[in-house]
Amino acid sequence: MISKTYAPQDIEAKWYQYWLDNKHFASKPNPDKEPYSIVIPPPNVTGVLHMGHMLNNTIQDVLIRKARMEGKEACWVPGTDHASIATEAKVVAMLKERGIEKKDISREEFLKYAHEWKDKYGGIILGQLQKIGASCDWDRTRFTMEPSLYEAVIDTFVRLYNKKQIYRGVRMVNWDPLGKTALSDEEVIEKEIMAKLYYLQYPIVGSEGEFLTIATTRPETIMADAAICVNPNDERYTAFHGKTVMIPLLNREIPVITDEYVTMDFGTGCLKVTPAHDLNDYELGIKHKLPVLDILDDAGFLNEKAVLYVGQDRFAARRNIVKDLEEAGYLTKMEEYKSIVKTSERTGAVIEPKLSLQWFLKMEELSKPALEHVMNDDIKLYPSKFKNTYRSWMENVHDWCISRQLWWGQQIPAFYLQDGTIIVAKTKREALRKAQHEMQLFALTEEDLTQDPDVLDTWFSSWLWPISVFDGIENPDNEDISYYYPTNDLVTGPDILFFWVARMIIAGYEWRGELPFRNVYLTGIVRDKQGRKMSKSLGNSPDPLELIEKFGADGVRSGLLFSAPAGNDLLYDDKLIEQGRNFCNKIWNAYRLVEGWEVVNKQSELYNSIDIINIQAYGWFNSRINQTIVEIQDHFSKFRISDALLSLYNLVWDDFCSKYLEIIKPPFGEPIKKDILNSTIELFEKLMCLLHPYMPFITEEIWQALATREEGKSICRTEFPKGGEVNTEILESFEAMFEIITKIREIRNAKQLSPKIALPLAIKTDDEYIYKNMGIGLIIEKLANTETISYVSDKVDGAISFVVKADEFFITLEGELDVEAELEAAQKDLEYNLGFKKATEAKLANERFVANAKPELVERERQKLADAKNKIWVSSFILGSENLKIGNLGKAESHFRDFLSYEIGSDFRTFLYLGVILIEANKQQEGREMLLKALDEQPSRKDDHIGLILKNASDKNINYVRSVFPNYGVSPF
RNA sequence: GGGCUGUUAGCUCAGUUGGUUUAGAGCGCCGCCUUGACAGGGCGGAGGUCGUAAGUUCGAAUCUUAUACCGCCCACCA
């Protein structure tokens, strides 16, 4: 017995192991196949799977699985990033727990601990990726610190240094006092905070009682002040040009200088210049040759140069100095001030601008090809709006600070002689040789060389990733790199567009002379329902593994993708995942239905009508599949992954389950014919293949169950369905048919009739063939639950009617119709269609429209007009006859007259009813004409007609009516 | 301050070269339906003057301009 709901837990583990055992994800260069490769954005080795990874890697898996099924040599390279700051922080924390301080141990010891930590806790995320079904080639797993990748990084550093692209210099850098390292601009996050602006008085030397007042947010840095600066055009301060002032508390004398940099209308127009602790001040300092006084140590504590508050943390010092300044009377004002504070992305510490000696990579030349090839679409960004962002960054790119004051990472291969001479070489030995040979320092030993203690920025290794995973730096001509590079698609978040994507492109052109990937798909950021970024501290991030446990990997994957258009943030809601889970369940139950059918083999005469239905349904659904394949291929070509999934979702749920299966489903307890079961299984298999990239597990499970498969075979290596013929005729007739079915169901609903009651349906059509011989009629009977359809040539009196295309449908219900309601509905219908008719006619009368619009469009307008007229015609008739029925002769007359005026066709009863009405209204002459016209319409049925006339005439006029037809003898009365 | 997006149903979003007085989907909502694949379901339904204002056009959610908000990126106002 198959379980009633889809139970993913056992199924997923089973098939993932099966795929691994049969090496379905393994890839090696195959000249007979087109390569398709993706390198994973390497997660931090310290990382655990979060929703962002889930989304990102699902998209990659969809792409790679689809490519694999399309016969490409698909290779998805997994791996992890050593993440220097994050990992070092974890290791430091771990050591601290064990009572060990980093500063007390040697670099070697520390690295030993770090590697231990990495071996024990690192790379958890890779196992987690398997849970989501990621079809990576695990044998190719790489780590940015493993020897060959390490070597590649060192090598590129040396080569760039030799090309004079790397230099060492003193710069104002973003200093993280907690991590005690420099950060690149990209690693800094700006936060808006409410700060205080302090107004401080600096006494003017030689002018007792006079002050210059400055405004600052950092009063603790006054001890590092080198000058006070005012705008030369600021008349308030002209008198003070060339004077000096005293730093409060400290009583050190500093000059008043002038520079146009100072804005006159901010604060007091007076700026204190602190070259060591502010980038702008630093530049001012250089310009005006001011001394640089750095009063902070690496951890953000005041050093002895500060003289005051030495040994205090910068924030403590701020509190204290504010208090002292206030007491001494130098603080005149404090105001709230909205300001930006820079913080470290990794440690959260407030960044300190700090002068330090760092290594830089010149970016100007290197980045040129990277800009050009994105702008000319050699590399495409999805969505393309990021091209703008990319360009503005690239055009204003700054030199990249690549040194970090850490131990975990690739140590900078720069060696210093005692006199400070720098020798850059891959190893100490090489450096020594270089020193000996190039500088003739033969007496030198390795002891005399000191390696730079810093390591390289993590991104300085990950920018090589698409090359280094294939060993393309050290062995530039090896088989892997030649075959797989450039890779095809890169899937990542827009938050690392500059950090990583741009630099990979730069590296691609620098080291391979070509692009690293052709397409960059930038996913959105997963946010919570309120639009907040998911974060540990908010606790608003669900654990993907728990979700998988609860909803199944396929459910989570498809759920996330339902609402994940490229570049748009995704507001996560459990509802999405539920929807994915429900989709799995729907598929599962469709399978249960098909699986549960009993089969008959024998061809039997009795099954004739069923055959027609089945053949039609199969033909229709095949066309729908083919149509959808075209659609999803188009979506994929534009990286519209969500849209492709949605197309499939609708195809499976609405067309396959709600329509196709309902059509071919045998009545309860009855068997199904073998051939239709086989075609159904064939269709089901196709659907599973189409869905496999999105929902690998359930599709494998069902695919395996639908037929006997060879040992080791998997749907993931089965050919992705190619499109075929799309029969538009059958699609259109089915579309009309479903419209008819919906109308009937609507009537059933409106009349509150049980679905079990078969309704009598009559159709007035010029094309009975399509209903009778094409099986359409039979399907209507089955899906709308009608009695055997009758075909009529006249309108049916007293029936509920509706029109689809050119055909009219009548359902006669027992009991009185609600005339008022019918009238109201018909009236509404009439008005709508009259308006429609008017607009369309106006459009068609417009020569410019007919001349300029596409011919198909004009033709479609004409068709719509014809349909609308038909509907108007029907509504008018209903209004006329219903009004007649309730004795509203005047209204009835005018509706019938309208009816005739539309000249769409005629109907004998219109003439007839109108004739009687006119006679009743004492317009005998005209009435008589109408009655005769009625008879002319269908002379063969004269007797029926006269009977109807007499039935509708009142006693008063019966004789007159009779006199019109003197030869008609029998009175119905 | 500069630049770039976006603004469509109660919510989250589609809407691909302008073209039905009828702008779609999912969720949510309303009504009916439970022995029969699935209530994690079926069948129907309601709900939008497409941010605002002008303009171009035979025709505008779609193009132009202006404007208001949301968001993102960049930038040295202490």
Side-chain angles (χ1 to χ4, degrees), chain A residues 2 4-6 197 214-218 229 261-263 265-268 270-274 278-284 337 339 383 385-393 396 494-495 497-498 529 531 551 555 562-563 565 567-571 573 575-576 578-579 581-597 634-635 638 640 642-643 646 649-650 657-658 661-662 665 667-669 741-742 745-750 752-756 832-840 842-843 845-854 857-858 860-861 863-865 868:
Chain A
I2 317 171
K4 202 169 164 182
T5 50
Y6 173 61
L197 199 54
I214 59 95
T216 180
T217 53
R218 302 205 56 191
C229 189
Y261 162 75
V262 179
T263 28
D265 52 8
F266 184 86
T268 59
C270 242
L271 172 72
K272 76 183 202 59
V273 184
T274 320
D278 185 281
L279 180 57
N280 307 308
D281 291 11
Y282 176 64
E283 279 161 12
L284 267 180
Y337 171 65
S339 152
K385 64 176 176 187
F386 286 109
K387 258 172 97 170
N388 286 320
T389 319
Y390 181 87
R391 187 180 57 209
S392 68
W393 190 78
N396 303 297
D495 49 336
L497 183 60
F498 308 134
K529 249 201 279 192
F551 297 103
F562 278 135
S563 170
N568 270 19
D569 287 356
L570 181 150
L571 269 61
D573 186 339
K575 284 277 178 214
L576 283 173
E578 268 176 43
Q579 197 185 339
R581 190 257 330 251
N582 293 353
F583 186 35
C584 291
N585 204 42
K586 188 71 185 176
I587 296 168
W588 184 249
N589 275 289
Y591 164 66
R592 278 181 68 212
L593 175 70
V594 172
E595 198 272 345
W597 279 330
D634 180 53
H635 283 142
K638 295 166 186 157
R640 302 169 76 112
S642 285
D643 290 335
L646 222 52
Y649 180 82
N650 290 327
C657 294
S658 297
L661 288 177
E662 288 301 327
K665 186 161 140 186
F668 180 61
I741 292 166
T742 300
R745 286 170 172 169
E746 212 175 306
I747 290 167
R748 187 190 292 281
N749 252 326
Q752 309 258 339
L753 297 170
S754 155
K756 286 175 190 158
Y832 173 79
N833 284 304
L834 279 175
F836 184 86
K837 174 169 163 279
K838 199 174 152 195
T840 314
K843 193 177 273 187
N846 183 334
E847 279 171 34
R848 291 210 251 179
F849 171 70
V850 180
N852 297 334
K854 286 185 218 142
L857 187 72
V858 177
R860 208 162 72 210
E861 290 297 308
Q863 188 55 48
K864 293 280 173 187
L865 180 60

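All values below come from the heavy atoms of this structure, side chains included, with hydrogens, waters and symmetry mates left out. Here is how names work: the chains are called A, B, and so on, in the same order as the sequence lines, proteins then strands, and each is numbered from 1.
A close approach under 4.0 Å does not occur between any side-chain nitrogen or oxygen of A:Asn396 and OP1 or OP2 of B:A75. For A:Lys665, a side-chain nitrogen or oxygen approaches OP1 or OP2 of B:A37 to under 4.0 Å.
For the P atoms, the distance linking B:G42 with B:C27 amounts to 9 Å, nearest Å. Between B:A14 and B:G24, the distance separating the two C1' atoms is 7 Å to the nearest Å. A distance of about 15 Å separates the P atoms of B:A9 and B:A61, rounded to the whole Å. When the C1' atom is compared between B:U22 and B:G45, the two are found 16 Å apart, to the nearest whole Å.
The side chain of A:Thr216 approaches B:A78 more closely than any other nucleotide in the set B:G40, B:C73, B:A78. The side chain of A:Arg745 has B:C43 as its nearest neighbour among B:C76, B:A37, B:C43. The side chain of A:Leu661 lies closest to B:A37 when the candidates are B:A37, B:G40, B:A78. Distances from the side chain of A:Phe668 to the nucleotides B:G44, B:G36, B:G40 place B:G36 closest.
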Set out, line by line, the N/O atom pairs under 3.5 Å between protein and nucleotides 28-32 of chain B.
{"residue": "B:G31", "atom": "N2", "partner": "A:Asn749", "partner atom": "OD1", "Å": "3.4"}

Please tabulate the protein-to-nucleotide N/O contacts below 3.5 Å involving nucleotides 45-48 of chain B, giving atom names and distances.
{"residue": "B:G45", "atom": "OP1", "partner": "A:Glu746", "partner atom": "OE1", "Å": "3.4"}

Tabulated below should be each protein N or O lying under 3.5 Å from an N or O of nucleotides 1-5 of chain B; please produce it.
{"residue": "B:C4", "atom": "O3'", "partner": "A:Asn388", "partner atom": "ND2", "Å": "3.4"}
{"residue": "B:U5", "atom": "O2'", "partner": "A:Lys385", "partner atom": "NZ", "Å": "3.3"}

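Helical stems in RNA chain B, defined as runs of 3 or more consecutive Watson-Crick or G-U wobble pairs with donor-acceptor distances under 3.5 Å: B:1-4 with B:71-74, B:10-13 with B:24-27, B:29-33 with B:41-45, B:51-55 with B:63-67.
In this view, A:Tyr591 and A:Trp588 satisfy the ring-ring contact (aromatic ring centres under 6.0 Å, His included) rule, not counting sequence neighbours.
Looking only at distances, a side-chain donor or acceptor of A:Asp278 sits under 3.5 Å from a matching main-chain atom of A:Asp281. In terms of modelled atom types and a separation under 3.5 Å, the side chain of A:Asn589 and the main chain of A:Thr5 share no donor-acceptor contact.
Looking at which nucleotide of RNA chain B each of A:Tyr6 and A:Leu279 is closest to, the 5′-most match is held by A:Tyr6.
In this model, no donor atom of one side chain and acceptor atom of the other lie less than 3.5 Å apart for A:Thr389 and A:Lys387.
Separating the OG atom in A:Ser642 from the CG atom in A:Leu570 is a distance of 8.0 Å, to the nearest 0.5 Å. Rounded to the nearest 0.5 angstrom, A:Ser658 OG and A:Lys586 NZ are separated by 5.0 Å.
Across all their heavy atoms, A:Lys529 and A:Asp573 have their closest contact at CD-OD2, 3.5 Å.
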**Request:** Please report the C-alpha distance between A:Tyr390 and A:Phe498 in whole Å, then the side-chain angles of each, then the deciding distance to 0.1 Å, and finally whether the ring-ring contact (aromatic ring centres under 6.0 Å, His included) criterion is met.
**Result:** CA-CA 8 Å; A:Tyr390 181 87; A:Phe498 308 134; 7.4 Å; no
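For B:A37, its base sits under 3.5 Å from the side chain of A:Glu662 at one donor and acceptor pair at least.
In summary, A:Glu662 and A:Lys665 engage in a salt bridge, as defined by a charged side-chain N under 4.0 Å from a carboxylate O.
Looking at A:Ile587 and A:Tyr6, their side chains never come closer than 4.5 Å, going by heavy atoms from C-beta outward.
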**Complete:** Whether each nucleotide of nucleotides 13-19 of chain B has a protein heavy atom under 4.0 Å at its base (B), only at its sugar-phosphate (S) or at neither (-) is summarised, 5' to 3', as SSSB--B
